[in-house]
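Structure first, commentary second.
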Amino acid sequence: MELAQDQLGTQVKAQVKNFSFFYGSNKAIKDVDLEVLDCKVTSMIGPSGCGKTTLLRCFNRMHDLYPGTRYEGEILLESQNLLSLDPIEVRMRIGMVFQKPNPFPKSIFENIAYGLRIRGVKDKGVINERVERALRDAAIWDEVKDRLKDMAFNLSGGQQQRLCIARALATDPEILLFDEPTSALDPIATASIEELVIGLKGKVTILIVTHNMQQAVRISDYTAFMYLGELVEFDRTDVIFNNAAQQRTREYVSGQFG
Amino acid sequence: MQGEELDLSAIVKDVQMRKSISVRKFWDTLFSFVALGFLILGLFVLLLLVFQLFVDGREKLASLGFYFSFPAPSAEEAGILSAWVGSIFVIMVTVLFSIPIGVAAGIYLEEYAKTSSSQFVRFLTDFIEINITNLAGVPSIVYGLLGLEIFKETLKLGNSVLTAGMTLGILVLPVIVVTTREALKSVPSALKEGSIAIGASKWQTIWDLILPASIGSILTGVIVSVSRAIGETAPLITVGALTFIAFLPPLPFSPRLEVNVDTGEAFQVGNYGPFDWLFSGYTVMPIQMFDWVGRPSPDFRVNAAAAGVVLVLMTLALNSAAIFLRIYFRKRIKW
């Protein structure tokens with residue numbers, strides 16, 4: 001979906017072009033076109049089963065892990081079609097934060113350092129510096145700086161999720177994907193994650209799936225509304241929630257179904 | 001009047017509810033006692049058996065000479081030195097042979113083949129899976145025949161520790177493959193996805209995260225299957241274990257002696273190589289026992305009973321190691 005004239009000043013980071021995705025013969029994503037703008041937060045909303053998470057997981061080729069899945073069309077990352085790149089390269093450039101915090105069974109420090117280690121970074125100074133920066137960026141440094149050797153599982157749920165964000169940030173991703181990152185968290189932890197996402201605006205391109213419409217309003221610049229595998233409408237968040245063009249979008253954001 | 005009737009029905013309902021609870025509680029209690037009864041029955045029979053062995057063999061068990069003498073024609077002099085040393089050598093070969101192959105096969109089947117994009121590979125995996133599960137239930141003597149054909153006849157390895165160890169290795173291989181797969185399966189997929197999502201390759205994910213998280217369960221499976229192998233008799237009889245053996249497999253670099261025919265004196269003719277023990281003849285604990293049980297003289301029964309206790313203790317030691325390792329590794333893992 002093309003954006004209105006006034007947004008053309010912003011650079012397009014990724015572009016989904018005539019894209020479909022199949023689980024076996026089931027077409028889960030149907031001919032979607034979408035633009036993800038550089039250093040903005042784009043949220044994807046829609047009722048359960050609409051394909052928002054499925055589409056998100058196409059961006060880092062997560063579906064490649066499971067047999068019987070197929071992509072059609074293009075997802076351009078800058079000018080390269082990421083569907084024809086090596087999936088490992090794609091995941092090195094596009095980070096992801098999952099629905100449930102999934103820290104590794106390692107220390108807090110090693111959780112962050114792991115992404116650097118698998119890339120072959122050996123210099124201790126570099127690793128220390130990048131770990132600290134990532135933890136600061138994820139607003140968790142003050143809470144963990146004295147216990148970096150503790151197991152990550154000893155952190156609270158909200159802290160674990162910020163640790164996972166730090167883990168993704170440590171490797172300087174071009175795009176960060178969030179798959180309902182607060183759905184397993186309490187309201188206070190949710191607020192801290194939202195604040196963090198807002199703070200990352202301007203530094204990294206963010207694509208976030210949420211089923212909490214208020215969250216989309218609070219944190220995102222652009223919103224895509226999906227329904228039954230199709231992209232119904234994509235626009236600035238305030239337009240989607242106040243002045244949507246499509247009848248279905250208006251019904252969904254006003255809570256008439258979903 | 002109206003109110004009283006209502007109260008009455010409420011009381012009746014109350015009583016019925018209580019009655020239903022106490023009936024269900026009765027069955028609860030009954031079942032727990034029945035289950036406990038069967039548990040005690042099983043344990044009791046087992047303990048009785050070990051106790052009987054212990055009582056029968058107590059004289060031998062108390063004498064140090066029993067552990068450090070070779071078998072002899074007379075029951076008093078006969079000991080289990082060559083048997084327990086042989087068991088340890090054979091099990092060492094079994095472990096070194098079956099763990100790398102079994103764990104690697106389990107990793108391949110679970111982490112690579114199952115999610116392969118090729119339909120043919122996935123079909124083949126299903127086929128292999130059925131066969132491996134089946135193999136785990138094949139009688140051990142069949143593995144003996146397999147070992148006889150492959151190791152002894154085709155590869156000409158003879159009546160050696162190597163043949164025996166590898167035959168037992170094949171025997172435990174299916175169990176190791178299956179337990180490895182189960183252990184890998186129990187690692188949450190969220191962990192794998194987390195690692196893959198930051199750009200780790202499959203092998204990095206397996207080596208850095210999946211294996212450390214599942215190593216406790218894998219080792220437990222391996223040790224339990226090896227402790228079963230240590231008591232196996234049938235396949236080793238098939239591949240030709242000796243029953244009367246008055247020497248030990250040569251330790252690496254130990255002096256090789258020869259006897260001068262004229263003087264009867266022993267002299268050194270060099271040293272053994274590092275792998276000569278693999279090609280030595282051997283016997284193992286269960287075979288020594290089996291041999292003694294079959295002797296006509298009742299004196300040997302005492303030896304057999306004592307050897308049985310030692311064998312049970314060896315198995316117990318291995319199983320304790322398995323439990324210890326499981327607790328040690330589980331303590332560090334939390335999902």
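Chain A is the first sequence line, chain B the second, and so forth, proteins listed ahead of strands; every chain is numbered from 1. Everything quoted here is computed from the prediction, not taken from an experiment.
The number of heavy atoms from other shown groups lying within 6.0 Å of NZ (A:K100) does not exceed 12. Counting heavy atoms of neighbouring residues, nucleotides and ligands inside a 6.0 Å radius, atom OH of A:Y66 exceeds 12 of them. The neighbour count for B:Y112 OH, taken as heavy atoms of other residues, nucleotides or ligands under 6.0 Å away, is above 12. Within 6.0 Å of CG on B:L43 lie more than 12 heavy atoms contributed by other residues, nucleotides or ligands.
In this view, A:K40 satisfies the salt bridge (Lys or Arg N to Asp or Glu O under 4.0 Å) rule with no residue, not counting sequence neighbours.
The heavy-atom pair separating B:G194 from A:F98 by the smallest distance is CA-CE1, 3.8 Å.
Looking at B:K192, neither its backbone nor its side chain comes within 4.5 Å of chain A, counting heavy atoms on both sides. Residue contact with chain B, scored on non-hydrogen atoms closer than 4.5 Å, is absent for A:L177. Heavy atoms closer than 4.5 Å to chain B are found nowhere in A:R70, neither backbone nor side chain. In this structure, no portion of A:P87 lies under 4.5 Å from any heavy atom of chain B.
Of the inter-residue distances, the one linking A:L65 atom CG with B:S189 atom OG reads 9.5 Å to the nearest 0.5 angstrom. From B:I198, atom CD1 reaches atom OH of A:Y114 across 6.5 Å, with rounding to the nearest 0.5 Å. Interatomic distance, CD1 of A:I118 versus OG1 of B:T205, reported as 7.0 Å (0.5 Å rounding). Rounding to the nearest 0.5 Å gives a distance of 10.0 Å between CG of A:D64 and CD1 of B:I196.
A salt bridge does not link A:R91 with B:E193: every distance from a Lys NZ or Arg NE/NH1/NH2 to an Asp or Glu carboxylate oxygen is 4.0 Å or more.
In this structure, A:N102 contributes its side chain and B:L191 its backbone to no donor-acceptor pair below 3.5 Å.
Of residues 93-108 of chain B, not one residue has a non-hydrogen atom less than 4.5 Å from any non-hydrogen atom of chain A.
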**OP:** Test side chain to side chain contact (heavy atoms under 4.5 Å, CB included) on B:L209 and A:K106 and set out the steps.
**Re:** CA-CA 9 Å; B:L209 295 164; A:K106 293 170 176 281; 3.6 Å; yes

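Chosen from B:A190, B:S201, B:S116, the residue pairing most often with chain A at heavy-atom distances under 4.5 Å is B:A190. Counting heavy-atom pairs under 4.5 Å between each of A:R117, A:R167, A:E89 and chain B puts A:R167 at the top. Ranked by heavy-atom pairs shorter than 4.5 Å toward chain B, the options A:M92, A:M62, A:M96, A:R93 are led by A:M62.
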